[in-house]
Trainee: 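First the structure, which I've put down as structure tokens, then a few questions once you've had a look.
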Amino acid sequence: MIRIQQKLLVYLSAVAMILFAIAHLTLLKLLSVVFPGLMKKIHLKMGEKFTMTQNPKFKYEDWGPSFFSLAFIKTVLSVNWCSLGLEAFEGHAAPDTALFTLDGQKTSIHRFLKGNRPLLDEFKQLVKDFSDVADFLVVYLAEAHATDAWAFANNVDIKVHKTLEERLAAARTLVKEDPLCPVVVDEMTNITASKYGALPERLYVIQSGKVFYQGGIGPWGYNPEEVRKVLEKIK
């Protein structure tokens, strides 16, 4: 019964998120015509919540207008459709979804759990501080801001992945940032993104094969400090 309630909540949350995004977009679009200064002020405030305004690589003109595009709405629909497959709930078994290493070898989530593993700034700090009690893993999912979909200007040039090799190549770009832990990629079916409700980004702590902590959906719900508190208790 609890599992059914959790799945029902997933569906309701997805519908609510889609309606909120459409309503928010409509309101901002209206304000841009009537009160453009106020609209930009509200939009910049939104940007603070997912650190866009703190990123020196982006100006408001790079990311702001993209929120008024059809590509943005399509991305919202795609992300929430993918999240309907969520099966990773706190206190329940963590899905052992299939992944690929960067050399194309098939692997899975559970093979990276502590004691069962093969021979960025805030995240990197977590890795440095808690590598003695936890194994860290980055799963590269479908590109959130592909240049041929919903994209920011002045961003990396990565298109929607059509093949596994394209996804692996994109993940190697991430590796150049030296995340200090293994990087693997989701299957082209996006099975991991779906079962973990992880698009565009999400943090998890898995212990003994069960979901010990489930973070919020990024960018607003992406909170490494919550993970830090969880790991401090374990430590």
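In this text the structure is predicted, and so the values were computed from the model without any measurement. All heavy atoms count here, side chains included; hydrogens, waters and symmetry mates do not.
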Trainee: Could you tell me if the side chain of Asp62 sits less than 4.5 Å from the side chain of Lys59, heavy atoms only?
Mentor: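 Yes; the side chains approach each other to less than 4.5 Å.
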Trainee: Locate the shortest heavy-atom distance separating Leu84 from Lys7; write the atom from each residue and the value.
Mentor: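 Taking Leu84 first and Lys7 second, the nearest heavy atoms are O-NZ, 2.9 Å.
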Trainee: Provide the closest heavy-atom pair for Val10 versus Ser83 in the form atom of the first, atom of the second, distance.
Mentor: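 Taking every non-hydrogen atom into account, CG1-O, 3.4 Å.
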Trainee: Counting only N and O atoms by type, is there a donor-acceptor contact under 3.5 Å from the side chain of Ser78 to the main-chain atoms of Thr75?
Mentor: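 The answer is no, because no donor-acceptor pair under 3.5 Å joins these two groups.
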Trainee: Is any side-chain heavy atom of Pro200 closer than 4.5 Å to a side-chain heavy atom of Leu141?
Mentor: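 SC-SC contact between Pro200 and Leu141 ruled out.
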Trainee: Which heavy atom of Val76 sits nearest to which heavy atom of Asn80, and what is that distance?
Mentor: O-ND2, 2.8 Å
Trainee: Quick check against the 3.5 Å criterion: does Ser194 have a side-chain atom that pairs as donor or acceptor with the backbone of Ile191?
Mentor: no
Trainee: A side-chain contact here means heavy atoms from C-beta on lying under 4.5 Å apart; do Val33 and Lys29 qualify?
Mentor: no
Trainee: Counting heavy atoms not belonging to Phe35, are there more than 12 under 6.0 Å from its CZ?
Mentor: no
Trainee: Could you check whether any side-chain heavy atom of Leu180 comes within less than 4.5 Å of a side-chain heavy atom of Phe136, counting everything from C-beta outward?
Mentor: no
Trainee: Does any non-hydrogen side-chain atom of Ile234 lie less than 4.5 Å from one of Phe212?
Mentor: yes
Trainee: Ion pair present between Lys229 and Glu232, side-chain N to carboxylate O less than 4.0 angstrom?
Mentor: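 The answer is no: the pair does not qualify as a salt bridge.
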Trainee: Quick one, Arg111 with Leu99, criterion side-chain contact (heavy atoms from CB on, under 4.5 Å). Give me CA distance, side-chain angles, the key distance, then yes/no.
Mentor: CA-CA 10 Å; Arg111 292 188 183 184; Leu99 304 165; over 6 Å; no
Trainee: Calculate, to the nearest 0.5 Å, the distance between atoms CD1 and CG belonging to Ile158 and Leu174 respectively.
Mentor: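 The CD1 atom of Ile158 sits 9.0 Å away from the CG atom of Leu174.
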Trainee: With a 4.5 Å limit on heavy-atom distance, are the side chains of Leu164 and Val185 in contact?
Mentor: yes
Trainee: Any link between Trp81 and Leu19 through a network of hydrophobic side chains (Ile, Leu, Val, Met, Phe, Trp, Tyr) touching at under 4.5 Å?
Mentor: no
Trainee: Starting from Leu77, can I reach Met17 by hopping between I/L/V/M/F/W/Y residues whose side chains sit under 4.5 Å apart?
Mentor: no
Trainee: Grouping I, L, V, M, F, W and Y whenever their side-chain heavy atoms are under 4.5 Å apart, do Ile217 and Val139 come out in a common cluster?
Mentor: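 In one cluster: no.
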Trainee: Fit a plane to each ring of His161 and Tyr140, take the angle between them on a 0 to 90° scale, and name the class: parallel (under 30°), tilted (30 to 60°) or perpendicular (over 60°).
Mentor: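 Tilted: the ring planes of His161 and Tyr140 meet at 30° to 60°.
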Trainee: Salt-bridged, Glu187 to Lys106, with N to O below 4.0 Å?
Mentor: yes
Trainee: Can you measure from OH (Tyr213) to CD (Glu226) and round to the nearest 0.5 angstrom?
Mentor: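 It is 3.5 Å, given to the nearest 0.5 Å.
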Trainee: Check Ala171 against Leu102 and note the closest heavy-atom contact, atom names and distance.
Mentor: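 Distance-wise, the nearest heavy atoms are CB-CD2, 3.6 Å.
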Trainee: How close do Pro95 and Ile109 get, heavy atom to heavy atom, and via which atoms?
Mentor: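 Minimum heavy-atom separation between Pro95 and Ile109: O-CB, 4.0 Å.
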Trainee: Side-chain heavy atoms under 4.5 angstrom apart, residues restricted to Ile, Leu, Val, Met, Phe, Trp, Tyr: same cluster for Val133 and Val230?
Mentor: yes
Trainee: Between Thr192 and Ala98, what is the shortest heavy-atom contact and its length?
Mentor: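 Thr192 and Ala98 have their closest heavy atoms at OG1-O, 3.4 Å.
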Trainee: Give, for atom CG of Leu199 and atom CG of Leu86, the distance between the pair rounded to the nearest 0.5 Å.
Mentor: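 One gets 11.5 Å once the value is rounded to the nearest 0.5 Å.
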Trainee: Taking Arg202 for its side chain and Gln214 for its backbone only, find out whether a donor-acceptor pair lies under 3.5 Å.
Mentor: no
Trainee: What's the spacing between Leu30 CG and Met39 CE if we round to 0.5 Å?
Mentor: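 Between Leu30 CG and Met39 CE, I get 11.0 Å after rounding to 0.5 Å.
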Trainee: Rounded at 0.5 Å granularity, tell me how far CZ in Phe100 sits from CG in Leu168.
Mentor: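 Between atom CZ of Phe100 and atom CG of Leu168 there are 8.0 Å.
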Trainee: Using the rule that two of Ile, Leu, Val, Met, Phe, Trp, Tyr join whenever any of their side-chain heavy atoms come within less than 4.5 Å, decide whether Ile18 and Phe20 are in one cluster.
Mentor: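 Hydrophobic grouping puts Ile18 apart from Phe20.
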Trainee: Is there a donor-acceptor pair under 3.5 Å between the side chain of His92 and the backbone N or O of Glu87?
Mentor: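 No, because the side chain of His92 does not come within donor-acceptor range (under 3.5 Å) of the backbone of Glu87.
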Trainee: Do Glu166 side-chain atoms and Lys162 backbone N/O form a donor-acceptor pair below 3.5 Å?
Mentor: yes
Trainee: Supply the atom-to-atom distance Ile73 CD1 to Leu25 CG, rounded to the nearest 0.5 angstrom.
Mentor: 4.5 Å
Trainee: Do the side chains of Cys181 and Phe123 get nearer than 4.5 Å, heavy atoms only?
Mentor: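 SC-SC contact between Phe123 and Cys181 confirmed.
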Trainee: Using 30° and 60° as the class boundaries, would you call the ring planes of Phe67 and Phe72 parallel, tilted or perpendicular?
Mentor: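 Tilted.
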